Every structure is written in structure tokens, then in C-alpha cells.
Amino acid sequence: MSIEWYIVLSSLLFAVGATGILIRRSPVVILLCLELMLNAGNLALIAFSRMVGNQEGQVFALIVMVVAACEVVVGLGLIVAIFRRKLPLDVDELRELRG
Amino acid sequence: MSVSFWAWLVLLFPLLGSIAIGLGFRVLPARAAGAIGTAAIALSFACGIAALVSLLGDEPEARHHASSLWNYASAAGLDIKLGIFVDPLSIFMVLVVTGVSTLIHLYSFGYMESDRGYRRFFSYLNFFVFSMLLLVLAGNFVLLTVGWAFVGFASYALISFWYRRATATRAGMKAFVINVVGDIGLVLAAFLIFRELGSFDYEAVFAKAPEVFAVNQWTIVAICLLLLLGAFAKSAQLPLHTWLPDAMEGPTPVSALIHAATMVTAGVYLIARTHVLFDLAPTAADIAAFTGLATLLVAGTIALVVTDLKRAIAYSTMSQIGYMVVGVSIGAFSAGMFHLMTHAFFKALLFMAAGSIIAAMANRQDIDAMSGFGKAMRFTSAMFLVGALALAAFPGTSGFFSKDEILAYAEARGGMYLIFTVLGYVGALLTAVYTFRLVFRILPGTPCNPAQELIETGQVVHAEPENPATGEAEDTEVGFPGPEHHIAERSWPMKVAMGVLGVLALVGGLVQVPGVDHVIASFLDPVFEDSPLLEVHPTVGAEWTGLGIGGAISILGIALAYFLYVAQPATPAILIQRLRPLHTLFARKWYFDELIDLLVVRPALAIGRFANRTFERVVVDGLVSGTAETVRGAGGIVRLVQSGFVRSYALLLIAGFAGLALYFLLASS
């Protein structure tokens, strides 16, 4: 099986994730889409790693997973905090930081 | 123990005292602060004595020691050490400074007792003594400048000691600014010396100078004139003298210590210390001598008419320093230093007695309001009289021997220098008249109200919280002398200090009587042995002739003052009427303040105003607010992007990355 299929799948996943971030307003879904994009990257990394024949790409994929886990912790924490303060769970409503 | 060990200890004690009192001012009891301050200076004096004994153990030719603790700055060709130079001249100054300071600290212990700033006062005073000792012990021009500037600061802090008084702070600023003018002269002179001779060290400079410079070459004259600028500012010689009379705003012990006995003689010390350079620049030395002469005459005439007691004594200080400057500039080094010593004794004594009288007058200093203190305060009056006799060079007192030695030397040099002898005697007549004008106005006569009250009830008048100079009401919270005052009759520290100085002022001159002994000269002369001027010696006969003339002039002056102020008290008023323009000239202090105001202060203010209006407001403000406006405008544009919509940020991010990816794809294909 050639590498192209892996790359195409990875790109599709990435595009789905990016689109989800752009069009959805719920922070939970946005987090899910972020995960999707990260895992698209992981897939590409592992595919290339197999193609080249060494393990560096796989190590990177592991690091990305760790980072993703951390990011989810922070993101979910934020979401819980938003919920607790009875703020709307809608990123368009939360625009305190406009310049 | 070596000489330099003791000299370092001399420096150490006042510094420790100042730091200890300064840090402990909240916890120390007031008396303890005074005791620490006085003890520190007394210890320093004891170490000075030890250094003297140790120095006398050496051969007269070998009596100079340089010692350094560490390198202060060391770079290519530059080698400045934290070093001191000990020789008879510096030890002489150390002994005069620490000796008189000890007594004045003792006096302050009693005199300042009710002052709110008692601890601050002693911390400043110890710092001053440290700075002055640093100045006289410094082994190179850099450390000399440091001591010079420290002394200027200490003087500023002590003049403005009662800092809620507008007149006091103004006087402090005036003194500081004029002293800084002198500092600039000293610093420039040091730079010029370094450029020409490649060293700041006294020993190296003085050894090299005769090889490098021809006599009266313009560089050496310039160096000496710059040194003189420093010396004149510190020693209150024309035209940089206007700060000294104003400096009398400080407490009286400060006037006695700094503005009579020690700091103002720093210029005399500087000229004596750098006599090697002045020997190579006779023109500069002559300029110095003539300035000294002009100062002694101008100050003498002003002292004739001033009605403020402390200011009158201050003008007499200027005048006496004029004698010293004449002495060390024409080559009468040991005579000049001798006069410095005796002057320190009798002038400090006069100020102390004046302080006691001013305390009894509840801060008033106007001699027109004083009379009859002879009955009210016997001890103070006796001491005032002793000081006045020594100042007027009455035969047998200390001033008698020291002043005439300078004039006899000028006569022995002959030629042009005879002017100094003749006008010096004119100055001596002025001295006797103005001194005994004070005596006859204050001591005899019917007692004035405060004196009467002192005789009848034994009460010293309480002072109202008001500025004695302007009469305006004062804050009694801080920086206020306190309502109580202390007179010598009631305070043993003041009495002891004045008694010791009184004895010294009377007999201090006996260490150097022509034809009998010459302690000062034989001690100091090794320092000046390389000077060609040391060859000049007045004969013993000529000196005694001079002493005879001086004594006669002194008695004549006192008699004249007696005639004017006691026998015919109406005469001064008539004289003032007849000689109205002259009186106005003297009373307005020869218009020096107005002259400096016109030539320096007003142009400087005008330049400042111009710079403020034109340059500051238009150019600087334009640049600054222009920058601010530009940044604000740019920020306004960037603000539009910050909409607060997270998704639009994400869009921008993705679009940006997509754009970059596109660019690289296109670039690589």
C-alpha cells in the first residue's frame, strides 16, 4: 500500500477538524475537533515514519498525544469553569476580550 | 605602630561615629548620641597625637609616609589607590581639625541639648570631621576631590540643618552651588595634572612637576589657577565668598567648626600642599596673594558696618583667611599655617561665646539690640573678650604672633611684596576696630531686656517659634531649635570647651615667638624644603619691629573703637551721615551679591526659561507626544482585528497557515 492513501486520509481528517472548529459554536465540540486535527497529524507522522524506516516519527506521535492530553485537561477545565459561573456555553457569546 | 596605622585610625573613628549615630538615631538616647559623637572625635584626636609622636621618631627628612589600602581604579596608565599621605603638614591639619572639633562637639553636647534634631546633628558633624580628615590626609588628587566634595555636602547639610526655615535652606543651596563651582575647578586641575604628568599621586606629581614644566609655562599656570578656583570657593575668597555670611543660618557650633575653624581653611591647606606647583607658577601665586589681600580688606570694611553678630564674625573670618592665603601664596608657609591654627582657636572661641549670647537673646542676632552682657554673663563675656583680644592681635595673645609673622615675611621678600605688609597693617587696624566695635556694643552699658531678666530672675528668655532673620512663624514639629536655650554659665560642657579654647587663644602663640622658639616652623619646614622661597627669612630684629608696629596698631584700633563706641557714642551716627555713600557700599557688602546676581544668576535663569519655553515645550514635547500619538494610531488599526470571536481568530490562523503552505508549495515547484 503506498503512502498516498495515508496522507489523503490524514488531510481529510485535518480538514474535517478545521471545518468543525470554524463552524461549530460549542466549546466541547471545538475541543473534539482539535483532537481530530492533532490525530490527523499523528497519522501523517506515523505514516512517514514507516516510509522512512526509523522510529523518530513515532516518538513525535507519542509526544503529540501527551500534549493533546494536557490540552484536553486545560480545555475541559475551562469548560467546567464556564459552566459553573453560569455563562453561556457558546464561544460567540464569550467575547470579553475584544479590543 | 607605624605612622600610617595611626592615620588610618584617625579616619576610622569619625566615620564609625557618624554611621553608628546615623543608623541608631531611633534607638539611641539623645545624650548617648552626643557622647558617641564626642568620643569618636576625641579618639581620633588621640590617634592624631600618636601619629605625631610616631612621626617625630623619624629623621626630619624622612617624615613622609604614603600608605594605601587597595586600588580604587586601575586601568591602562591609570592607577588610583585609596591611599593617604602623612607628613608634618597633614598631621598638623589633623591635629588642628580633630582638636578643635573635639571641643566643639563638647560644646554642642550642651548647646544643642533641646534641639529636636540632636542625633542628626551629631551624625552630620561626625561625617563632616571624617570628610575634612579625608581631605587633609588624601594621598592623591582623586581622594582629595572626594574629601573636598564630602566636605561641601556636610557643610550644605549643616547650614540647612533647621530645614523648615526657608532662609536656611536657601543659604545651604547657595553654599553648595558655589562650592560645586570650586569643585569643578579642582577636578579640571586634577585632569590637567594627569594629562601632563601621568599620575594623580602627590609624590609622583610633585617629583615630576619641576622636570616637566618650565617656570610660568601656561599649562602650570592654568593648573594653579584652577586649583585656586577650588581653594577660593571653599575658603570664601573674592569673588566666591558670598556664601559664607549666609552660612551663618546654621547652628552656632556649625559656624564655629565649619565656617571658621576648619573647612574654610581647606583652601589654605590646598595651596600649601601644592606649593611645588605654585613655585613653578609665580604668576598664579601672586594672583592668589592679591586676591587674599583684596578679600581681607573688603571683608574688614564690611565687618565694620554689619549689625548681625554672627555675620560680623563671619566677615572677620573671611578677612583672616585672606591673611592665610597671602601667607601661603607669598611663601610664608609655616607662618600661614600658624595663623590657621591660632585663628581656629580664637575664632571658634568667639563663635562659641556669640552662641551663648545669642541663646540668651532668644535667637536674636542683631547687635543693635544687645548691651550690658558684661554684667549678665560674666564667663561668656570674659571668653568673648579673650577671643576678641586674640583676633585684634593684642600684644601677647596668639593672633599677635601669627599675623605679624606673615607680614614680616612679606617685608623680608621686599619689592612688590611690601604692599602686603603695608595693607596688611591697614587690615590689622580694621580688624581691631571692628572686633572691639562688637565688644563695646555688647558687653558694657545698661543691660538690654534679656540681660536684665537674666540678672534679676536668672531666667533665660524662651524663644518664640519664629525665624530670627525674617520674623515669620515656624513649624515646631521638626527642624526647630526648641524653645529652651543653653548658655555657657549653666552648662558645664560648654564651659569646659570655651575655657580650653580661651587658654589656647591666649597662650597658643607662644609656641612660635621670634628669637625664642619656632616649634611650628621647624616642624613644618621639612615639607617645604624644596621651595626656593624658604630661603627668605626675616631677621629676628625685623620681626620684633613688626610685632611692635602690629601691637601699636592693635592698641590704636582698640582705642579708636573705645572712642567711637564708648567715649563718644554719637560719633558713629555722625560718621555714617557724613560718609553716606561709603557706608552704603559697605552695608550692601560691596554689591557682590547683586553683581553675581546680574552676571550669573539672571542669565542662567533666562537661559533656563528660554530652554523651557522654546526647546522643552516645542521640540522635546513635540517629539515625545508625536511618538505617543503614532503608537496610539497604529494601535487603533490593530484593535479592529481583536473582535473577541474565537472562531474568527481560528479562521485567521488557518488562513495564514494555508497561505504559507501555498507559498512554499509554489516556491518549491
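So you know, we letter chains A, B, ... as the sequences are listed, proteins then strands, and number each from 1. Since the structure is predicted, the reported quantities are computational estimates derived from the model, not experimental observations.
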### Task
Would you indicate whether E56(A), at its atom CD, is surrounded by more than 12 heavy atoms from other residues, nucleotides or ligands within a distance under 6.0 Å?
no

### Query
Of the non-hydrogen atoms in A650(B) and I21(A), which two are nearest, and what is the gap between them?
CB-CG2, 3.8 Å

### Message
Using 0.5 Å steps for rounding, measure from the CZ atom of R647(B) to the CD1 atom of I23(A).
### Response
8.5 Å

### Query
Of the backbone (N, CA, C, O) and the side chain (C-beta and beyond), which part of I654(B) lies under 4.5 Å from a heavy atom of chain A, both, or neither?
side chain

### Task
For F645(B), look at atom CZ and say whether over 12 heavy atoms of other residues, nucleotides or ligands are found less than 6.0 Å away.
yes

#### Entry: Whether over 12 other heavy atoms sit under 6.0 Å from Y156(B) OH
no

